Q: 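Sharing a structure with you now.
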Amino acid sequence: MHIYDKNIKVISQEQKNYIKFLGVKSDPLIKKMINLLMRDGKRSKAENVLNKALQSLDQDYPGRAIHIFYLGILAVRQDISVRLKPKPKTRRNKQSFNVYLPRVISPFCGLNLGMRSLLQVSRERSTDSPLWYNLSKELLKASQNKGEVINKRYSLNKLAISNKRRIHFGVRY
C-alpha cells in the first residue's frame, strides 16, 4: 500500500511512520514534556516516546494531535496545592484530625505539576501496552476532561476549598 503526495512521489508506509512532528520540538511545553519523560539522559528515547504518542493520536484524530496535547496539558494543570499543617509539639494532642493548608500555585509550577501527574498515571497504567500508547490515551482523556488525573485535580480542589477558612491563600513560586 502506497500513499502519494502532491509531487507524485511514492511514500511507503514505513517512511510515513518515521515522519516526525517537525518544528514542534521548539515549543516550550513539548520541551518540558521531553525533559520530564527523559531518564538517565536518554533524550532521543524520550523524543521517540512523545513522537509515537502524537502519531497514535494523529492516526485516530487526523490533524488534531497537537491540539489534543495542548488541551490535555491545560486541563491537568493545577491551581491549588494542599499540605499538612505541622502538629504542635505539646504533651497532649489537642487535634486528632489532620489540618490541610491550601496554597495557590504559580501558573508555571502548576503546568509542571500537571505534566508530572499525567506522566505518573500513564506509567502506572497497564504494563502490557507501551508507554507511548498509555500517554496518548491519558492525553486524550485529559483533553475531554475525563480520566484519573482530572479526578485527582478535582478532589484536591475540593479539599482545598473545604479547608480554605483555616488560612489565607499564600502564593507558592
Side-chain angles (χ1 to χ4, degrees), residues 24 27-40 45-47 49-61 64-90 92-173:
V24 177
D27 187 79
L29 282 179
I30 300 257
K31 279 184 182 178
K32 185 64 180 176
M33 183 63 92
I34 288 172
N35 286 340
L36 290 175
L37 271 168
M38 193 166 48
R39 300 274 180 161
D40 300 324
K45 286 187 180 181
E47 287 175 356
V49 166
L50 188 60
N51 186 35
K52 285 182 181 179
L54 290 175
Q55 281 182 352
S56 71
L57 284 173
D58 197 44
Q59 284 178 352
D60 296 338
Y61 304 95
R64 309 261 307 155
I66 301 296
H67 186 69
I68 290 171
F69 174 77
Y70 282 114
L71 282 177
I73 295 299
L74 292 176
V76 298
R77 78 179 187 281
Q78 295 180 1
D79 305 324
I80 299 173
S81 72
V82 174
R83 69 176 176 88
L84 276 172
K85 180 180 179 183
K87 298 204 179 214
K89 294 181 182 179
T90 58
R92 281 186 261 156
N93 192 3
K94 295 177 183 175
Q95 284 181 324
S96 61
F97 57 91
N98 291 329
V99 176
Y100 295 100
L101 301 176
R103 306 174 86 181
V104 176
I105 302 177
S106 68
F108 184 75
C109 187
L111 276 173
N112 192 3
L113 287 173
M115 288 163 78
R116 284 178 190 271
S117 62
L118 188 72
L119 288 175
Q120 180 184 3
V121 167
S122 62
R123 282 188 176 117
E124 290 171 355
R125 223 172 153 178
S126 70
T127 56
D128 299 339
S129 53
L131 177 63
W132 58 267
Y133 181 77
N134 293 339
L135 181 61
S136 67
K137 293 302 174 192
E138 286 298 324
L139 279 170
L140 182 64
K141 282 184 181 178
S143 68
Q144 298 168 346
N145 280 335
K146 298 178 185 174
E148 193 175 333
V149 182
I150 301 293
N151 290 339
K152 283 183 185 178
R153 178 182 175 210
Y154 286 145
S155 64
L156 188 71
N157 284 351
K158 188 186 294 184
L159 185 64
I161 288 170
S162 67
N163 287 298
K164 101 176 149 179
R165 72 175 194 278
R166 300 198 184 275
I167 192 170
H168 296 291
F169 286 132
V171 178
R172 179 179 168 213
Y173 294 104

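Note that the numbering runs from 1 along the sequence shown for the chain. Remember, predicted model here, so these are calculated numbers, not experimental data.
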Q: Would you give the length of the straight line joining atom CZ of Phe108 to atom CG of Leu111, rounded to the nearest 0.5 angstrom?
A: 8.0 Å
Q: Is there a side-chain contact between Leu50 and Ile30 in this structure, where contact means two heavy atoms from C-beta onward sitting under 4.5 Å apart?
A: yes
Q: Between Asp58 and Arg64, does any side-chain N to carboxylate O distance fall below 4.0 Å?
A: no
Q: For residues Gln78 and Ile80, determine if any side-chain heavy atom of one lies less than 4.5 Å from a side-chain heavy atom of the other.
A: no
Q: How far apart are the closest heavy atoms of Met33 and Met115, and which atoms are they?
A: N-CE, 3.3 Å
Q: Ile105 and Asp79: side chain to side chain contact (heavy atoms under 4.5 Å, CB included), yes or no, with the steps?
A: CA-CA 5 Å; Ile105 302 177; Asp79 305 324; over 6 Å; no
Q: Verify whether one side chain among Gln120 and Glu124 offers a donor that lies under 3.5 Å from an acceptor in the other.
A: yes
Q: SG/Cys109 to CZ/Arg77 distance, rounded to the nearest 0.5 angstrom?
A: 13.5 Å
Q: Report all side-chain donor-acceptor pairs from residues 127-136 shorter than 3.5 Å, counting only partners two or more places apart or in another chain.
A:
{"from": "Ser129", "atom 1": "OG", "to": "Ser126", "atom 2": "OG", "distance (Å)": "3.2"}
{"from": "Ser129", "atom 1": "OG", "to": "Asn134", "atom 2": "OD1", "distance (Å)": "2.8"}
{"from": "Asn134", "atom 1": "ND2", "to": "Ser122", "atom 2": "O", "distance (Å)": "3.4"}
{"from": "Asn134", "atom 1": "ND2", "to": "Ser126", "atom 2": "O", "distance (Å)": "3.1"}
{"from": "Ser136", "atom 1": "OG", "to": "Ser56", "atom 2": "OG", "distance (Å)": "3.2"}
{"from": "Ser136", "atom 1": "OG", "to": "Trp132", "atom 2": "O", "distance (Å)": "3.4"}
{"from": "Ser136", "atom 1": "OG", "to": "Tyr133", "atom 2": "O", "distance (Å)": "2.7"}

Q: Donor-acceptor pairs are to be reported for all side-chain atoms of residues 143-152 against protein atoms at under 3.5 Å, with residues two or more places apart or in another chain.
A:
{"from": "Ser143", "atom 1": "OG", "to": "Leu139", "atom 2": "O", "distance (Å)": "3.4"}
{"from": "Ser143", "atom 1": "OG", "to": "Leu140", "atom 2": "O", "distance (Å)": "2.7"}
{"from": "Asn151", "atom 1": "ND2", "to": "Gly147", "atom 2": "O", "distance (Å)": "3.3"}

Q: Nearest 0.5 Å, what's the CD1-OH distance between Ile161 and Tyr154?
A: 11.5 Å
Q: Going by the rule side-chain contact (heavy atoms from CB on, under 4.5 Å), which residues pair with Asn35 if we only count those two or more places apart in sequence or in a different chain?
A: Met38, Arg43
Q: For Ala142 and Ala75, work out which heavy atoms get closest and say how close.
A: O-CB, 3.2 Å
Q: Please report the closest heavy-atom contact between Ile34 and Glu47, naming both atoms and the distance.
A: CD1-CG, 3.7 Å
Q: Just do the side chain to side chain contact (heavy atoms under 4.5 Å, CB included) check on Lys31 and Leu36 with the steps written out, would you?
A: CA-CA 9 Å; Lys31 279 184 182 178; Leu36 290 175; over 6 Å; no
Q: Do Val76 and Arg153 touch side chain to side chain, with heavy atoms closer than 4.5 Å?
A: no
Q: Might you point out which heavy atoms bring Asn112 and Lys32 nearest each other, and give the distance in Å?
A: OD1-CE, 3.4 Å
Q: Have a look at Ile68 and tell me which of Leu57, Ile73, Asp60 forms a side-chain contact (heavy atoms from CB on, under 4.5 Å) with it.
A: Leu57
